[in-house]
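Proteins get letters first, then strands, A, B, ... in listed order; numbering begins at 1 in each. Values reported hereafter were calculated over all heavy atoms of this structure, with side chains retained and with hydrogens, waters and symmetry mates removed.
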2 protein chains.
Amino acid sequence: MQFSFRMPVAVQILLCIAKFDGVFKTTSTFLASSVNINPVIIRKTLGQLKAAGLVEVAAGVGGARLVKEPCEITLQEIFNAVEEDEDLFHIQENPNPQCPVGRNIQQVLGNKLSVVKNHMLNDFAKITLADLLNDINTAEQNRQ
Amino acid sequence: MQFSFRMPVAVQILLCIAKFDGVFKTTSTFLASSVNINPVIIRKTLGQLKAAGLVEVAAGVGGARLVKEPCEITLQEIFNAVEEDEDLFHIQENPNPQCPVGRNIQQVLGNKLSVVKNHMLNDFAKITLADLLNDINTAEQNRQ
DNA sequence: CTCATTGTAAATCATGTTATTACAATGAGT
DNA sequence: ACTCATTGTAATAACATGATTTACAATGAG
């Protein structure tokens, strides 16, 4: 069990936009070939990132660009842009109300798990697009 | 996108076993009625918890009991017992190797996310079955 | 006006989770 | 030794969700 493609795809999109800014026009088709995924998914994800105020997309002419600096874009923003705001775990909705465990499990376990999720979001908030861009560049240098 | 039932179900099973120890025989059918889920899933989950050394199950006669004290059983153990050991996020397996972002994304993003996952597991390690049992009991008292 | 591109809907495919049925194996109680 | 409720497990079906694909109207620079 793991989270879907969505956040990693969004990260890769943003990295490409940052990396190829001014070099290539970052159309959905161009981005799709980097991620190796269908262009429609890129366009959908780009729409979510636009709604979150992270990118601008040029309808008609094509291409996308960052609205904020890479050092100002965190993984938390990206995560929130593409994932629903919901609990980390799916807790059974209809436990037995006759059972003292069943009738309290949602609240009790939910409380604990929401703290864990907040920690995770805080971790995400500490990671910026600039960090990742930097790691990419370092990895590229080590290639030679 | 969220994690499945599995861990919450396992937690509820263990809480019931702890709570009803010596009062009721905790068979898969009994536990299934608290969680309101199919008994086969209970048996499967119980098998995973047994393999993890958290419970003993009496084949034939029926019923399960904890092998360790509730204060010694952490959410991390329960999580590991029922979930695969895999990355938090699904990162595209076949990115474009021609693209400097595509050919490094797995390593770069994977590194960052594995740190986050470890934090999450550490958080789980700090939550014990005894904590949850305590919260359940408090909630029950506040009912009256 | 043209044309590459975006935005979006709809249909399909793939995968994973949960539910259900079925039945051999178990083992305490008689 | 027999009984019987129960476990362990396999196999299958039902369902939900994510990802893919096709299609096409809307966009807007040139």
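The cluster map of Ile, Leu, Val, Met, Phe, Trp and Tyr, joined by side-chain heavy atoms under 4.5 Å apart, puts A/Val35 and A/Val40 in different clusters.
Minimum interatomic distance between A/Ser28 and A/Pro39 (heavy atoms only, all atoms of both residues): CB-O, 4.0 Å. Here the shortest heavy-atom pairing between B/Pro95 and A/Gln12 reads CB-NE2, 3.9 Å.
Separating the NE2 atom of B/His90 from the P atom of C/dT15 is a distance of 10 Å, rounded to the nearest angstrom. What separates CD1 of A/Ile37 from P of D/dG18 is a distance of 13 Å, to the nearest Å. As rounded to whole Å, 13 Å separates atom P of D/dT21 from atom CD1 of A/Ile42. Rounded to an integer number of Å, the gap from A/Asn94 CG to C/dA19 C1' is 14 Å. Taking atom CD1 of B/Ile91 as the reference point, atom C1' of D/dG18 lies 17 Å away to the nearest angstrom. Residue A/Gln48 contributes atom CD, which lies 11 Å from atom P of D/dG18 at whole-angstrom precision. Rounded to a whole Å, the CD atom of A/Gln92 is 16 Å from the P atom of C/dT17.
Aromatic ring centres of B/Phe89 and A/Phe5: separated by at least 6.0 Å. Aromatic ring centroids of B/Phe20 and B/Phe30 lie under 6.0 Å apart.
For the residue pair B/Glu140 and A/Asn104, a side-chain donor N or O sits within less than 3.5 Å of a side-chain acceptor on the partner.
Using the Watson-Crick or G-U wobble rule with both distances under 3.5 Å, D/dA29 pairs with C/dT2. D/dC2 is paired with C/dG29 under the Watson-Crick or G-U wobble criterion, all donor-acceptor distances under 3.5 Å.
Dashed line: the shortest gap from a side-chain N or O of A/Asn38 to OP1 or OP2 of D/dT21 is under 4.0 Å.
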ask   = Which parts of nucleotides 4-17 of chain D does protein reach within less than 4.0 Å, heavy atoms only, written one letter per nucleotide 5' to 3' as B for base, S for sugar-phosphate only and - for none?
value = -BBBBBB-------
